[in-house]
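Single-structure report; data block below.
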Amino acid sequence: MTSTPSSPHNRSRSEDEDDPVDGMISRTGCAELHYALQDCMAEHQDWRKCQTEVQKFKECMNTYQNTRKEQLLKQRTSATQSA
């Protein structure tokens with residue numbers, strides 16, 4: 001009996017646990033760009049040929065990180081002012 005290989009986009013796991021890295025990336029809003037980068041790397045086996053995908057993912061993550069920093073700064077400021 002031959003088994004078909006699983007798709008790289010099949011994010012289900014045989015265990016009942018989620019992949020923590022997938023969860024973290026999904027929360028950033030950059031998951032689709034991450035998967036596009038993974039697909040490119042799988043196809044070309046050379047990160048240098050995936051620079052467009054690398055740049056898009058990097059920009060998305062930078063935007064997320066900057067937004068997150070601003071949110072945390074606002075929380076600290078309001079917590080300090082209310083104390």
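Starting from 1, each residue takes its place in the sequence as its number.
Rounding to the nearest 0.5 angstrom, the gap separating the CG atom in Asp39 from the CD atom in Glu32 is 9.5 Å. Considering CG of Leu33 and CG of Leu37, their distance stands at 9.0 Å, rounded to 0.5 Å. Between the CD1 atom in Ile25 and the OH atom in Tyr64 there is a gap of 11.5 Å [rounded to 0.5 Å].
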Extract all donor-acceptor atom pairs below 3.5 Å that involve side chains of residues 49-60 and protein atoms in other chains or at least two apart in sequence.
residue : atom : partner : partner atom : Å
Gln51   : NE2  : Trp47   : O            : 2.9
Gln55   : NE2  : Glu59   : OE2          : 3.3

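Checking each of Asn62, Thr63, Thr67 against Gln65 for a side chain to side chain contact (heavy atoms under 4.5 Å, CB included) leaves exactly one that passes, namely Asn62.
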Verdict with reasoning, Arg27 to Met24, per side chain to side chain contact (heavy atoms under 4.5 Å, CB included) = CA-CA 5 Å; Arg27 285 189 292 276; Met24 287 186 286; 3.3 Å; yes
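Take Leu72 and apply the side chain to side chain contact (heavy atoms under 4.5 Å, CB included) test, not counting sequence neighbours, and it matches Arg68, Gln75.
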